[in-house]
Amino acid sequence: MHILTSEFFNRDTHEVAKDLLGKVLYHRKGENLYRAVISETEAYHGTEDLACHCSKGKTPRTEIMFGEAGYIYIYLIYGMYQMLNFVTMPMDFPAAVLIRGVKDAVLTKENNSEIIFQNNQTNGPGKLTQKLQIGKELNKKLISPVNNLWVCDNGIYIPEKDIHTGKRIGIDYAKEWRDKAWRFYID
DNA sequence: CAAGAGATCATCT
DNA sequence: GATGATCTCTTGA
């Protein structure tokens, strides 16, 4: 069980998005420890990608994506859903991976009792942040146990044939970038 | 089943 | 003042 560091995220966004599948996301909130297997991701890569928030340039909200890889980018969408992203690529290249779905989510409480979430409760980007209690206090933080949110490689290898790709969701306005197969998922 | 509407607010123009 | 990297519920065939 090995904790992913900035080195893992400081690569091509599409590779990171694909390699995150099957990795284990952890979030510690008070006495509660959440863990879940990442099952769906999307790549948002560069200022030319009209679906990427950075296509409109550097703003207070998006500056974290222009920074070093391995940081957390969280923003509110539709007034009610937090989106969890991991910053990729070197300094000054804006890019991030959106975590769109997790599976086998488990909450371990202080007394070691466990609550298991049904997969259909965590199979959307807004749903998983709600269930795993991931909020904007983590925005702009380093992905690390120090900040209570981190990702582990549990050694399980996902065969290439089990990785599906498709168009990204909810970005019909992005012209020619709309049809890029930059969404990755398993099962 | 597919399609549509409503909820709700930080962010940028 | 408009607009989403969404989700759930309702409607209608």
Side-chain angles (χ1 to χ4, degrees), chain A residues 9 11-23 25 27 34 36-89 92-105 107 115 117-141 143 149 151 163-187:
Chain A
F9 297 96
R11 294 182 295 139
D12 180 85
T13 313
H14 318 86
E15 292 299 312
V16 175
K18 193 167 67 162
D19 291 347
L20 276 173
L21 297 174
K23 299 294 188 289
L25 173 69
H27 178 218
Y34 299 86
V37 178
I38 296 172
S39 58
E40 183 177 350
T41 60
E42 278 178 1
Y44 289 85
H45 187 77
T47 51
E48 295 186 354
D49 175 8
L50 290 179
C52 182
H53 290 165
C54 297
S55 64
K56 297 199 176 75
K58 191 189 274 192
T59 69
R61 180 174 66 154
T62 62
E63 67 179 353
I64 185 67
M65 276 201 276
F66 287 80
E68 297 287 351
Y71 281 79
I72 301 166
Y73 169 41
I74 293 185
Y75 67 92
L76 181 74
I77 191 66
Y78 301 119
M80 54 177 78
Y81 296 107
Q82 304 290 140
M83 299 284 106
L84 171 65
N85 298 256
F86 295 144
V87 175
T88 61
M89 295 291 284
D92 292 329
F93 191 106
V97 171
L98 168 68
I99 306 302
R100 282 195 59 87
V102 299
K103 61 175 186 172
D104 305 333
L107 160 58
I115 293 175
F117 296 97
Q118 298 299 313
N119 283 339
N120 66 8
Q121 295 294 104
T122 59
N123 62 351
K127 292 203 245 179
L128 77 90
T129 53
Q130 259 179 8
K131 288 295 166 191
L132 304 191
Q133 291 280 298
I134 294 170
K136 63 175 183 243
E137 70 276 6
L138 292 167
N139 191 28
K140 302 192 176 186
K141 295 269 173 58
I143 303 165
L149 189 143
V151 183
I163 297 179
H164 305 99
T165 63
K167 295 176 187 177
R168 292 174 292 177
I169 307 294
I171 53 145
D172 281 350
Y173 58 85
K175 298 189 179 166
E176 70 264 32
W177 301 92
R178 181 189 58 188
D179 297 327
K180 302 268 182 208
W182 287 0
R183 171 170 169 251
F184 305 88
Y185 56 100
I186 51 180
D187 283 0

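In what follows, every chain begins at residue 1, and chains take the letters A, B, ... in the order their sequences are listed.
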* Drop me the distance from Q82(A)'s CD to L138(A)'s CG, to the nearest 0.5 angstrom. => 9.5 Å
* Going from CG on L76(A) to NZ on K136(A), what distance comes out if it is rounded to the nearest 0.5 angstrom? -> 7.5 Å
* Asked: For DNA chain C, which residues in residues 173-187 of chain A have a heavy atom at a distance below 4.0 Å?
  -> Y173(A)
* Rounded to whole angstrom units, what separation is found between the CG atom of N123(A) and the P atom of dC7(C)? -> 8 Å
* To do: Output the distance between atom OH (Y75(A)) and atom CE (M65(A)), rounded to the nearest 0.5 Å.
  => 8.0 Å
* **Presence of salt bridge, K103(A) and E40(A), under 4.0 angstrom** => no
* Atom pair OG1/CD of T13(A) and E42(A) - distance to nearest 0.5 Å -> 13.0 Å
* Asked: How many angstroms lie between atom NZ of K127(A) and atom OG1 of T122(A), to the nearest 0.5 angstrom?
  -> 8.0 Å
* Cation-pi geometry met for K58(A) and F66(A) (6.0 Å, 45°) -> yes
* To do: Enumerate the residues from residues 66-74 of chain A whose closest heavy atom to DNA chain B is under 4.0 Å, giving them by residue number; use none for an empty result.
  => none
* Asked: Which distance, rounded to the nearest 0.5 Å, do you find between the OH of Y44(A) and the NE2 of H14(A)?
  -> 11.0 Å
* Asked: Looking only at heavy atoms, what is the nearest atom pair of I64(A) and I72(A), with distance?
  -> CG1-O, 3.9 Å
* To do: Please step through side-chain contact (heavy atoms from CB on, under 4.5 Å) for the pair V102(A) and V37(A), ending with a clear verdict.
  => CA-CA 5 Å; V102(A) 299; V37(A) 178; over 6 Å; no
* Base, sugar-phosphate alone, or nothing: which one does I169(A) contact when heavy atoms must sit under 4.0 Å apart? -> sugar-phosphate
* **Whether Y78(A) stacks on the six-membered ring of dG4(C) base, 5.5 Å and 30° limits** => no
* For Q121(A) and dC7(C), what is the distance between atoms CD and C1' respectively, to the nearest whole Å? -> 12 Å
* Looking at L25(A) and L132(A), what are the two nearest heavy atoms and their distance? -> CD2-CD1, 4.0 Å
* So, the side chain of R168(A) versus the backbone of W177(A): is there a donor-acceptor pair under 3.5 Å, distance only? -> yes
* **Whole-Å gap separating P (dG4(C)) and CD (Q82(A))** => 18 Å
Can you give me the N/O atom pairs linking the protein to nucleotides 10-13 of chain B at distances under 3.5 Å, or say none if there are none?
{"residue": "dC12(B)", "atom": "OP1", "partner": "T59(A)", "partner atom": "OG1", "Å": "2.1"}

* Structure fact -> From CG of N139(A) across to P of dC9(B) the rounded distance in Å is 18 Å
* **Cation-pi, Y173(A) ring and R178(A) (6.0 angstrom, 45 degrees)** => no
* To do: Measure from CZ on R100(A) to C1' on dT6(C) and round the result to the nearest Å.
  => 8 Å
* **Value in whole Å for how far the P atom of dA2(C) lies from CD1 of I77(A)** => 17 Å
* Quickly work out the H53(A) NE2 to dT3(C) C1' distance and round it to whole Å. => 11 Å
* Got a sec? Which of residues 125-134 of chain A come in under 4.0 Å of DNA chain C, heavy atoms? -> P125(A), G126(A), K127(A)
* E48(A) atom CD, neighbour heavy-atom count above 12 within 6.0 Å -> no
* Within a reach of under 6.0 Å around OH of Y71(A), are more than 12 heavy atoms found that belong to other residues, nucleotides or ligands? -> no
* Asked: Sub-3.5 Å donor-acceptor pair from the side chain of S39(A) to the main-chain atoms of D187(A), do we have one?
  -> no
* **Any residue meeting side-chain hydrogen bond (donor to acceptor under 3.5 Å, both in side chains) with D19(A), in chain and number order, not counting sequence neighbours** => R11(A)
* Minimum-distance nucleotide to M80(A) side chain [options: dA5(C), dT6(C), dA7(B)] -> dA7(B)
* Asked: Expressed as a whole number of Å, how far does the C1' atom of dA10(B) sit from that of dT8(C)?
  -> 22 Å
* Asked: When the nearest nucleotide of DNA chain C is assigned to G79(A) and to G124(A) on a heavy-atom basis, which residue is associated with the more 5' position?
  -> G79(A)
* Between dT6(C) (P) and L84(A) (CG): distance, integer Å -> 14 Å
* Based on Watson-Crick and G-U pairs with both distances under 3.5 Å, what dot-bracket line describes DNA chain B 5' to 3', crossing pairs as [ ] and inter-strand pairs as |? -> |||||||.||||.
